[in-house]
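Here is the structure we will look at.
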Protein chains: 2
Amino acid sequence: MERKDSNTVNALLGLLSICPMSGYDIRQVIPFSIGHFWSESYGQIYPALKRMTAEGLISKKTKRDKGKPVRHEYSLTEAGRDRLRAWLESPAQRSPIRNELLLKLFFGGQVGTEASRRHIEAALAAEEKTLQVYEATEQQIRREQANDPQLPYWLMTLNLGRHCSRATIAWCRETLMELDRLAELNRQ
Amino acid sequence: MERKDSNTVNALLGLLSICPMSGYDIRQVIPFSIGHFWSESYGQIYPALKRMTAEGLISKKTKRDKGKPVRHEYSLTEAGRDRLRAWLESPAQRSPIRNELLLKLFFGGQVGTEASRRHIEAALAAEEKTLQVYEATEQQIRREQANDPQLPYWLMTLNLGRHCSRATIAWCRETLMELDRLAELNRQ
DNA sequence: GGGTGCATGTAATGGGTTACATGATTCT
DNA sequence: AGAATCATGTAACCCATTACATGCACCC
């Protein structure tokens, strides 16, 4: 009975399929790659690399360059590549969502409308910033990874971020108006 | 030094602010209330209720109706209501997102375009179903909770769901076309 | 000498799901 | 008699973040 890999393992297999890296490298490239929809911390990465090595999914090369700290560089083995492909072919599961903003808004009637206003204004500002980051990232990878055959896939993932960001921004604006209307009603 | 409540506690405080309920009840109403953006399992609910009772945030009434199993009904105390309000006033934190679909799509270049197509078609179908559920829920609560002063807040949360669902559906359609284009390029 | 960046890792803690265990009642 | 539903709860396990611990190298 084979246990399913954790998605941390799958994410690392994917990242190492692009190029060999150390645990530190992996952490560093996440913000510029899968960071918009996935996160991993050192506390997950290093133990996962150890387990994956033991399982033969990746192999480790220790580099001792003069004047630099020891580096453990991991690369995919054939078994690792197979495992990655098998996971990529299998259906994706929806991860459960937990949205603290909505949780607060749902119970917003327990406090004044101003509290909800503040939350939504903060969310709006954050989302506008996020959207700008998406645009900037897109320009950057279009330039720097122009010839990479994987570029179209990266752009697709960014694009969902953009769609949802824009939808969220529109909702924030609508909702702020709706809150104004509610505040008006309460005043009368 | 006061430790921050877990969001499970906050969610339960919120739900119990609507009306007194048992742990079982709470689990049952989640799909019709905060279920679109929040989930809690029995394994979280019962221990949380115990801790909250010990802390004086809620009070427990045991009911032994003839012909029915024992029921533990919990209601907010004043301390609990204060705690809820304090949490509602404090800024909302963004929860980290983890999207398995995007993770698979990001590495889609490692396998054929058909794999990505399948994932996105499944996501599209699921999202269309979700959108229908939002519409149905909206109609239902507009009818059944027409006079509830909290109704506007509930509709706001549903509305973000609708916005994002529609955005996701549009993205799925775009992305399917883009995948067709890619497949075409690869064939040549 | 001190800060920053490279680099690796572990431990403590908490969040969260699933499966298990139990038992009454009600409906067929 | 047996299935479904009401109802409560625990234990095992996994997932994940944060903080901690260590140490070298490089630059100011």
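Chain A is the first sequence line, chain B the second, and so forth, proteins listed ahead of strands; every chain is numbered from 1. It should be emphasised that the depicted structure is a prediction, and the values quoted were computed from it without experimental measurement.
Between A:Y46 and C:dT8 there is a side-chain polar atom (N or O) within less than 4.0 angstrom of OP1 or OP2. Between A:S22 and C:dC6 there is no side-chain polar atom (N or O) within less than 4.0 angstrom of OP1 or OP2. Residue A:K50 has a polar side-chain atom (N or O) positioned under 4.0 Å from OP1 or OP2 of C:dT10. A close approach under 4.0 Å does occur between a side-chain nitrogen or oxygen of B:Y24 and OP1 or OP2 of D:dC6.
Computed from coordinates, the A:K4 NZ to D:dC13 C1' distance equals 15 Å when rounded to whole Å. In this structure, the CG atom of A:N10 is 11 Å from the P atom of D:dA16, given to the nearest Å. Here D:dC24 presents its P atom at 19 Å from CZ of A:R71, a figure rounded to the nearest Å. Residue B:R27 contributes atom CZ, which lies 16 Å from atom P of D:dG9 at whole-angstrom precision. Atom NE2 of A:H72 is separated from atom C1' of C:dG9 by 9 Å (rounded to the nearest Å). Protein atom CD of A:E100 is 16 Å distant from nucleotide atom C1' of C:dG16, rounded to whole Å. The CD1 atom of B:I26 sits 15 Å away from the C1' atom of D:dC6 (whole-angstrom rounding). The distance from atom CD of A:E40 to atom P of C:dT8 is 16 Å, rounded to the nearest whole Å.
Taking every side-chain heavy atom of A:T8 into account, D:dA16 is the closest of D:dA16, D:dA7, C:dG9. Of all nucleotides listed (D:dA16, C:dG16, C:dA7), C:dG16 comes nearest to the side chain of B:Q44.
Electrostatic pairing of A:E100 and A:K104 counts as a salt bridge here, judged by a charged N lying under 4.0 Å from a carboxylate O. Ion pairing between B:R142 and B:E138 holds under the 4.0 Å rule for side-chain N and carboxylate O. Ion pairing between a basic and an acidic side chain is recognised when a charged N comes within 4.0 Å of a carboxylate O; A:R187 and A:E184 show such pairing.
Checking B:D25 against B:G43, the closest nucleotide of DNA chain D that is more toward the 5' end is the one next to B:D25. Place A:S41 and B:V70 on DNA chain D by their nearest nucleotides, and B:V70 ends up nearer the 5' end.
Using a 4.0 Å heavy-atom criterion, one finds that B:R98 contacts the sugar-phosphate atoms exclusively. Note on A:G23: only backbone sugar-phosphate atoms sit closer than 4.0 angstrom, heavy atoms only; bases stay farther off.
No hydrogens or angles considered: a donor-acceptor pair under 3.5 Å links the side chains of B:R94 and A:T130. Residues A:T168 and A:E127 have side chains that never bring a donor and an acceptor to within less than 3.5 angstrom of each other.
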